[in-house]
Amino acid sequence: MIDEVKKHLKAVEAFSSKEAEAIESFRVSYAGKKGILNELFAAFRTVPNEEKKAYGQELNALKSAVHEKVQSLQGQLYSKSKQQKIQDPTRTPFPIQTGNRHPLSVVKNRIIDIFSQIGFTISEGPEIEDDWHNFTALNLPAHHPARDMQDTFFIQTNPDILLRTHTSSVQVRHMEKNQPPIRTISPGRVFRNEAISARSHCIFHQIEGLYIAKEVSFADLKQTLQYFTTALFGNSKIRLRPSYFPFTEPSAEVDIYWGLETETDFRITKGTGWLEIMGCGMVDPNVLENCGIDPERYSGYAFGMGIERIAMLLYQISDIRLFFENDIRFLNQFKATL
Ligand code: DAH
């Protein structure tokens, strides 16, 4: 009997496999319910008394040999499968450098999203404009002093052709081609002959909004702006300050309440807690008429904002030039945004 146990012990010690299935069937054949160990333990009764002690010892040795063998083979199997994972040949060998949207596009898209949810469509116009669409139709005839508000790049050989100074030119084009109801926003690049500094650039971006229908009121304008600022900045208080634009009457400047908690708040709001974010007003009847819309039947509002300014507020960027330098260290910081 003892010899049989010893034979098994040798067989167990000699056993080796790298296959999970073979290891499992080895385990079952020895340690399973109907396995060899149980069989040998059951045979204990039949062993003569003087051999019982030695038999018992051999049997226990066999039992531990079986457990140790199973454990060590399974352990190897596990660490091998872990290694295999690390050496997965299908894995990309280095992290992929993915690109991301420019922060100005991110902000522009967010603004577009917010207005498309309330039915605004997108319209675009040319960056090289004529005097009519950029100025005259907008109630800024030749020699109007308000033209000075927007330092203009003219084409030297033809003073009628210029780089648009604002996206308001697109509302003129849109009204000329469409009859009310009109509900559109126009994002685009604009140009002004200004010295480049941390706060201003000669190239920047604006979004223009225009709504023309029957009986549109200033209250509608305020409501829309409140909806917009809440969607973009979170729960925000706004105020409308009387202002002047030749193409709107009355005109207003929109401020949002930024807060006065930190030193930065104090600095960027000049100690008032309020920040100017756009211009707006009721479209001047002259402008409607210039664009072929009957001001007796229709009224409307318009607004215009600088995308850089909004982005600088949203992301706390202190220098407008960063948007145009394309420094990868700056651009990479917007990876997480859409
Ligand atoms: N065009 C103006 C600018 O560039 C912004 C603006 C103000 C647009 C009032 C509007 C508006 O449509 O109603 O400064």
Side-chain angles (χ1 to χ4, degrees), residues 108 111-112 115 120-127 129 131-140 144-153 162-176 180 182-194 199-213 216-225 228-229 238-256 275-288 290-291 293 295 298-310 320:
K108 180 185 81 179
I111 297 172
I112 289 174
F115 281 108
F120 279 75
T121 57
I122 299 175
S123 48
E124 286 182 330
E127 291 176 353
E129 259 303 359
D131 184 285
W132 169 257
H133 291 97
N134 196 80
F135 290 128
T136 307
L138 286 163
N139 223 11
L140 273 153
H144 192 290
R147 284 196 179 201
D148 274 357
M149 284 158 73
Q150 303 185 351
D151 302 307
T152 311
F153 285 117
L162 46 92
L163 296 180
R164 67 177 176 198
T165 57
H166 51 186
T167 43
S168 302
S169 56
V170 188
Q171 47 161 295
V172 175
R173 288 185 176 274
H174 195 81
M175 284 190 278
E176 284 173 345
I182 289 172
R183 215 183 302 168
T184 187
I185 51 169
S186 324
R189 190 157 46 168
V190 302
F191 309 83
R192 288 192 198 175
N193 191 2
E194 278 182 31
R199 317 208 88 233
S200 63
H201 208 285
C202 58
I203 301 174
F204 56 102
H205 299 78
Q206 287 187 335
I207 289 198
E208 188 81 9
L210 179 71
Y211 179 42
I212 313 280
V216 178
S217 72
F218 203 86
D220 296 325
L221 168 61
K222 189 169 181 196
Q223 172 95 24
T224 306
L225 296 177
F228 165 68
T229 50
I238 60 169
R239 73 177 183 192
L240 296 169
R241 258 184 308 112
S243 184
Y244 171 75
F245 297 103
F247 28 90
T248 43
E249 182 60 35
S251 306
E253 216 93 51
V254 184
D255 295 345
I256 58 162
L275 271 178
E276 181 195 315
I277 54 163
M278 64 171 109
C280 67
M282 301 306 292
V283 180
D284 193 299
N286 285 345
V287 175
L288 293 178
N290 286 342
C291 301
I293 290 174
Y298 298 106
S299 57
Y301 61 71
F303 54 86
M305 68 190 111
I307 303 180
E308 280 80 0
R309 176 152 179 85
I310 305 280
I320 195 172

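Quick caveat: nothing in here was measured; it's all calculated off a predicted structure. Ligands are counted one by one from 1 in listed order, and the atoms in each one are counted from 1 as well. The figures that follow rest on heavy atoms only: side chains count, while hydrogens, waters and symmetry mates do not.
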Item checked: His166 ring center within less than 6.0 Å of Phe245 ring center -> no
Next item on the list: Quick one: look at Arg192 and ligand 1, take heavy-atom pairs under 4.0 Å, and tell me if it's side chain, backbone, both or neither.
Entry: side chain
Next item on the list: Taking atom types as modelled, find out whether Ser243 and Ser251 have a side-chain donor-acceptor pair closer than 3.5 angstrom.
Entry: no
Check: Does Gln206 come within less than 4.0 Å of ligand 1, judged by its heavy atoms?
Finding: yes
Check: Is the shortest distance from a Lys or Arg side-chain nitrogen in Glu129 or Arg173 to a carboxylate oxygen in the other one below 4.0 Å?
Finding: yes
Margin query: As an exercise, identify every atom of ligand 1 less than 4.0 angstrom from a heavy atom of Cys280.
Written below: 9 (C), 11 (C), 13 (O)
Check: Looking at ligand 1, does any of its N/O atoms fall within less than 3.5 Å of an N/O of Ala302?
Finding: yes
Notebook entry, point to check: Short list, please: which atoms of ligand 1 are under 4.0 Å from a heavy atom of Gly281?
Noted result: 13 (O)
Note to self: Less than 4.0 angstrom from a charged side-chain N to a carboxylate O is my criterion; do Arg309 and Glu276 meet it?
What the structure shows: no
Notebook entry, point to check: Donor-acceptor pair, Asp255 side chain versus Arg239 backbone, under 3.5 Å?
Noted result: no
Next item on the list: May I ask you to list the atoms of ligand 1 that are less than 4.0 angstrom from any heavy atom of Phe245?
Entry: 7 (C), 9 (C)
Note to self: Minimum distance, heavy atoms only, to atom 2 (C) of ligand 1: which one of Phe303, Tyr301, Phe247 is it?
What the structure shows: Phe247
Next item on the list: Using a strict 4.0 Å cut-off to heavy atoms of Ser168, name the atoms of ligand 1 that fall inside it.
Entry: 1 (N), 8 (C)
Notebook entry, point to check: Where on Glu208 is there a heavy atom closer than 4.0 Å to ligand 1, on the side chain, on the backbone, on both, or on neither?
Noted result: side chain
Checklist line | Contact with ligand 1 for Gln171, non-hydrogen, under 4.0 angstrom | finding: yes
Note to self: Centroid separation under 6.0 Å, is that true for the rings of Phe303 and Phe115?
What the structure shows: yes
Margin query: With heavy-atom distances below 4.0 Å as the criterion, list the atoms of ligand 1 near Thr248.
Written below: 13 (O)
Checklist line | N/O donor-acceptor pair under 3.5 Å between Glu127 side chain and Leu163 backbone | finding: no
Check: Is a side-chain N or O of Arg241 found less than 3.5 angstrom from the main chain of Glu253, in a donor-acceptor match?
Finding: no
Note to self: Within ligand 1, which atoms have a heavy atom of Gly304 less than 4.0 Å away?
What the structure shows: 6 (C), 8 (C), 10 (C), 12 (O)
